[in-house]
Amino acid sequence: MVKNLSKEGSDKIDWDTEDELEIQEIQDAIFSSCRDLRTTGQHALSGDGEASSSSVPCRLSKFIQQFVVMGFSEESIAKAIEQNGENSDLVLDALLTFKVIEDSPEEQPTASPQLDPSICSDDSYSEYNENFLDDVYEEESWSSDSDNCICYLKDESSSLSENEQTLLSLANMGYPVEEVSIAMEICGKEASLAELTDFICAAQMSRAEDPYLPEDVKPKLKHISNDSGGYKKRKMFNQLCKGKKQRTIFDEDPISLPKPMIGFGVPTVSGPAMVRRTLPKQAVGPPFFYYENVALAPKGVWDRIASHLYDIEPEFVDSKYFCAAARKRGYIHNLPVEGRFPLLPLPPRTINEALPLSKRWWPSWDTREHLNCLQTAIGSARLTDRIRKAVEDVDGVPPMRVQKYVLEQCRKWNLVWVGRNKVAPLEPDEVEMLLGFPKNHTRGGGISRTDRYKSLGNSFQVDTVAYHLSVLKDLYPEGINVLSLFSGIGGAEVALYRLGIPLKNVVSVEKSEVNRNIVRSWRENTNQRGNLIDFDDVQQLNGDCLEQLIDSFGGFDLVIGGSPCNNLAGSNRVSRDGLEGKESSLFFEYPRILDLVKNIMCGER
DNA sequence: CCTAGGATGATTCAGGCA
DNA sequence: TGCCTGAATCATCCTAGG
């Protein structure tokens with residue numbers, strides 16, 4: 001069933017051949033277009049943070065949205081962005097500072113009521129917001145460059161009446177406009193936001209418990225069915241303000257990790273039958289999309305990620321079912337889940353099978369069969385020396401205390417036995433093999449050993465991703481056009497290639513030059529003939545740029561990528577700041593770009 | 001400047017047990 | 001139910017040495 005693409009195979013493929021010069025010209029034109037756009041004030045907030053009344057791109061909207069869902073007013077956000085640019089950390093700091101000032105009665109005796117502390121889950125945010133904006137601003141005051149992109153302009157909102165501002169604030173928090181209106185009528189115009197949120201939540205709770213309530217209404221109320229309403233929201237906001245390392249906490253049932261972590265199924269475990277899932281209408285392609293990140297992110301992160309990707313339930317899969325190393329990851333995608341097949345041959349799934357030379361030295365008391373997650377750093381030589389001495393000092397089987405210490409360190413650093421009493425970290429080519437990359441994929445071309453580990457540690461496990469992508473093979477026998485965001489060392493491209501799906505046009509976005517070179521070199525080594533256009537910054541990809549790309553080869557079939565996990569990963573002791581972290585906030589670029597691609601391809605732009 | 005080594009916990013979740 | 005323990009975790013920053 002599976003055909004791994006051989007050299008001969010790839011030569012037989014009927015490629016869309018294009019003169020290299022022509023490709024270069026297209027590429028140059030697109031690059032210059034993007035640069036031009038970047039410097040000609042297309043962004044509502046330019047470098048100096050000046051607000052513009054022209055159309056506001058989705059990126060900015062999403063950037064603002066992340067603060068709106070925390071309960072900050074759009075005025076404060078606009079002010080904070082003006083002062084700090086689009087740096088999440090700085091903007092958040094500024095917002096918290098505003099909040100402290102506004103909460104101080106001595107300094108601000110007449111604080112605006114819309115800044116009343118409150119917070120909500122943002123699952124229903126967009127929907128309610130759209131309703132709200134439809135109702136309130138039928139033809140003015142805001143602009144949007146897509147149906148899914150709602151943008152706020154500072155000047156207009158500040159010209160609203162107090163009532164309208166209250167309405168706007170509550171709608172931004174996710175409360176339905178109709179319910180806000182009713183609450184304002186019943187509680188009176190003098191009512192504080194706290195009173196209004198309490199009233200709305202009480203009403204929602206009472207309806208949620210109503211056995212005669214239609215089922216299609218109940219899910220929307222799920223997030224308030226198990227809490228104490230506005231009080232809890234305000235309490236959460238207060239927690240939010242306590243420190244910088246706050247997170248959005250969700251009222252509704254948080255997304256939990258499945259056990260076993262096999263998603264919709266893996267080829268090596270006879271788990272529950274493949275489910276036929278129903279995707280929300282707006283999530284259905286084209287294009288197909290596939291998003292990845294660490295499964296063990298801080299609480300609430302996956303809820304937020306899903307809320308920006310059509311509320312699709314993430315598929316959590318541990319790659320230990322595909323190879324000898326664990327890799328717990330979440331994937332949100334709109335691919336079919338039936339008819340998947342794995343890459344063949346199936347890779348070895350135990351340490352002994354994957355590293356047969358280590359078998360000879362493996363002590364019986366080290367019962368590991370799988371390696372832990374392959375990370376970006378390795379154990380030091382000094383550590384392996386300490387372990388050697390600890391084990392050498394005893395005759396025969398070491399005492400439990402030593403065993404425990406050694407095993408703990410081996411698990412922590414993924415050490416393997418390479419000699420009598422001798423452990424060592426994995427070699428880079430072993431990591432390549434475990435992750436499903438060809439040998440020497442990251443070797444040479446100016447990359448250091450340390451950076452090889454780093455690039456590999458940040459990559460996909462190819463067999464896992466390929467299994468999910470395998471359904472594309474029958475759908476695109478002639479090959480596909482791929483938009484690969486946060487490409488890294490090309491895990492997605494390698495997966496598609498190994499599935500035998502020809503890569504016609506690949507637009508790859510990757511910050512690291514070393515990684516871009518690895519992908520380019522791999523393509524040359526494998527004699528691929530499609531086009532590779534690469535960018536170094538996702539933020540360069542604006543609507544006009546994407547439009548030109550899509551015009552030049554007729555649209556993307558797949559938008560794939562895993563955004564930075566730095567601020568989500570448990571290993572990060574310094575800046576595990578969640579989705580608002582410096583790097584991880586680039587996640588918001590993914591739905592922004594996906595929306596743009598969808599809209600351009602639907603001809604709605 | 002580049003590279004490698006070393007020191008640096010917190011946040012989750014699961015399972016056991018009183 | 002609450003507490004404890006164990007386990008896992010796509011990392012960051014500083015420094016020394018070439």
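Proteins come first, then strands; the chains are lettered A, B, ... in the order of their sequence lines, and each starts at number 1.
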With a non-hydrogen cut-off below 4.0 angstrom, is [X] in contact with a base, only sugar-phosphate, or nothing?
{"X": "A/Ser563", "answer": "base"}
{"X": "A/Lys454", "answer": "nothing"}
{"X": "A/Glu408", "answer": "nothing"}
{"X": "A/Cys373", "answer": "sugar-phosphate"}
{"X": "A/Arg449", "answer": "sugar-phosphate"}
{"X": "A/Arg329", "answer": "base"}

Let's see if you can work this out: which of [options] has an atom nearest to the side-chain heavy atoms of [X]?
{"X": "A/Arg573", "options": "C/dC10, C/dA11, C/dA8", "result": "C/dA11"}
{"X": "A/Lys299", "options": "B/dT12, C/dC10, B/dG6", "result": "B/dT12"}
{"X": "A/Asn372", "options": "B/dT12, B/dG15, C/dT9", "result": "C/dT9"}
{"X": "A/Ser575", "options": "C/dT12, B/dG9, B/dG5", "result": "C/dT12"}
{"X": "A/Ser448", "options": "C/dA8, B/dT3, B/dT11", "result": "B/dT3"}
{"X": "A/Ala326", "options": "C/dT9, B/dT12, B/dT3", "result": "C/dT9"}

ask   = Taking any strand in view, what nucleotide pairs with C/dC10 in a Watson-Crick or G-U wobble way, both distances under 3.5 Å?
value =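 None - no nucleotide pairs with C/dC10, as no candidate has both distances under 3.5 Å.
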request  = Using both distances under 3.5 Å as the test, list the Watson-Crick or G-U wobble partner of B/dG9, or none.
outcome  =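 Pairing partner, where one exists within any strand: none, as none qualifies.
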I want to check one thing: is the phosphate of [N], taken as OP1 and OP2, less than 4.0 Å away from some side-chain N or O of [X]?
{"X": "A/Lys259", "N": "B/dG15", "value": "yes"}
{"X": "A/Asn572", "N": "B/dA10", "value": "no"}
{"X": "A/Gln375", "N": "C/dA11", "value": "yes"}
{"X": "A/Lys412", "N": "C/dA8", "value": "no"}
{"X": "A/Ser459", "N": "C/dC10", "value": "no"}
{"X": "A/Arg382", "N": "B/dG6", "value": "yes"}

Under 4.0 Å between a Lys/Arg side-chain N and an Asp/Glu carboxylate O for [X] and [Y]?
{"X": "A/Arg340", "Y": "A/Glu315", "answer": "yes"}
{"X": "A/Lys359", "Y": "A/Glu353", "answer": "no"}
{"X": "A/Lys511", "Y": "A/Asp537", "answer": "no"}

Tell me: [atom1] of [X] to [atom2] of [N], nearest whole Å?
{"X": "A/Asn567", "N": "B/dT12", "atom1": "CG", "atom2": "P", "result": "14 Å"}
{"X": "A/Asp451", "N": "C/dA11", "atom1": "CG", "atom2": "P", "result": "14 Å"}
{"X": "A/Arg368", "N": "C/dA8", "atom1": "CZ", "atom2": "C1'", "result": "13 Å"}
{"X": "A/Phe316", "N": "C/dA8", "atom1": "CZ", "atom2": "P", "result": "19 Å"}
{"X": "A/Phe587", "N": "C/dC10", "atom1": "CZ", "atom2": "P", "result": "17 Å"}
{"X": "A/Met261", "N": "B/dC13", "atom1": "CE", "atom2": "C1'", "result": "10 Å"}
{"X": "A/Asn515", "N": "C/dC10", "atom1": "CG", "atom2": "C1'", "result": "12 Å"}
{"X": "A/Asn293", "N": "B/dT12", "atom1": "CG", "atom2": "C1'", "result": "16 Å"}

Spacing of the C1' atoms in C/dC10 and B/dA14 (rounded, Å) =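 To the nearest whole Å, 23 Å.
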ask   = C/dT9 and B/dA7: how far apart are their P atoms, nearest whole angstrom?
value =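 These two P atoms come out 22 Å apart once rounded.
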5'-most by nearest nucleotide on DNA chain B - A/Ile447 or A/Ser571 =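 Upstream on the strand: A/Ile447.
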Of A/Ala377 and A/Ala297, the one whose closest DNA chain B nucleotide lies more 5' =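 The residue mapped nearer the 5' terminus is A/Ala377.
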task = Indicate the ring-plane relationship of A/Tyr310 and A/Phe289, choosing parallel, tilted or perpendicular according to the 30° and 60° boundaries.
result =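 Tilted.
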ask   = Mind checking whether A/Tyr291 and A/Phe587 have parallel, tilted or perpendicular rings, split at 30° and 60°?
value =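 Rings of A/Tyr291 and A/Phe587: perpendicular, as their planes differ by over 60°.
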request  = Take A/Tyr467 and A/Phe341, measure what ring-ring contact (aromatic ring centres under 6.0 Å, His included) needs, and give me the verdict at the end.
outcome  = CA-CA 6 Å; A/Tyr467 184 62; A/Phe341 58 87; 8.2 Å; no
ask   = Closest nucleotide of DNA chain C for A/Asp318 versus for A/Glu583: which of these residues is on the 5' side?
value =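 Checking each residue's closest nucleotide, the 5'-ward one belongs to A/Asp318.
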message = Can you work out whether A/Lys404 or A/Leu374 has the more 5'-proximal nearest nucleotide on DNA chain C?
response =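 Per heavy-atom nearest nucleotide, the more 5' residue is A/Lys404.
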key: Crowding at CD, A/Glu392 (>12 non-hydrogen neighbours, <6.0 Å)   =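 Yes, because the 6.0 Å sphere around CD of A/Glu392 holds more than 12 heavy atoms from other groups.
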message = So for atom CZ, which belongs to A/Arg443, do other residues, nucleotides or ligands contribute more than 12 heavy atoms lying within a distance under 6.0 Å?
response =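 No, CZ of A/Arg443 has 12 or fewer neighbouring heavy atoms, counting only those of other groups under 6.0 Å.
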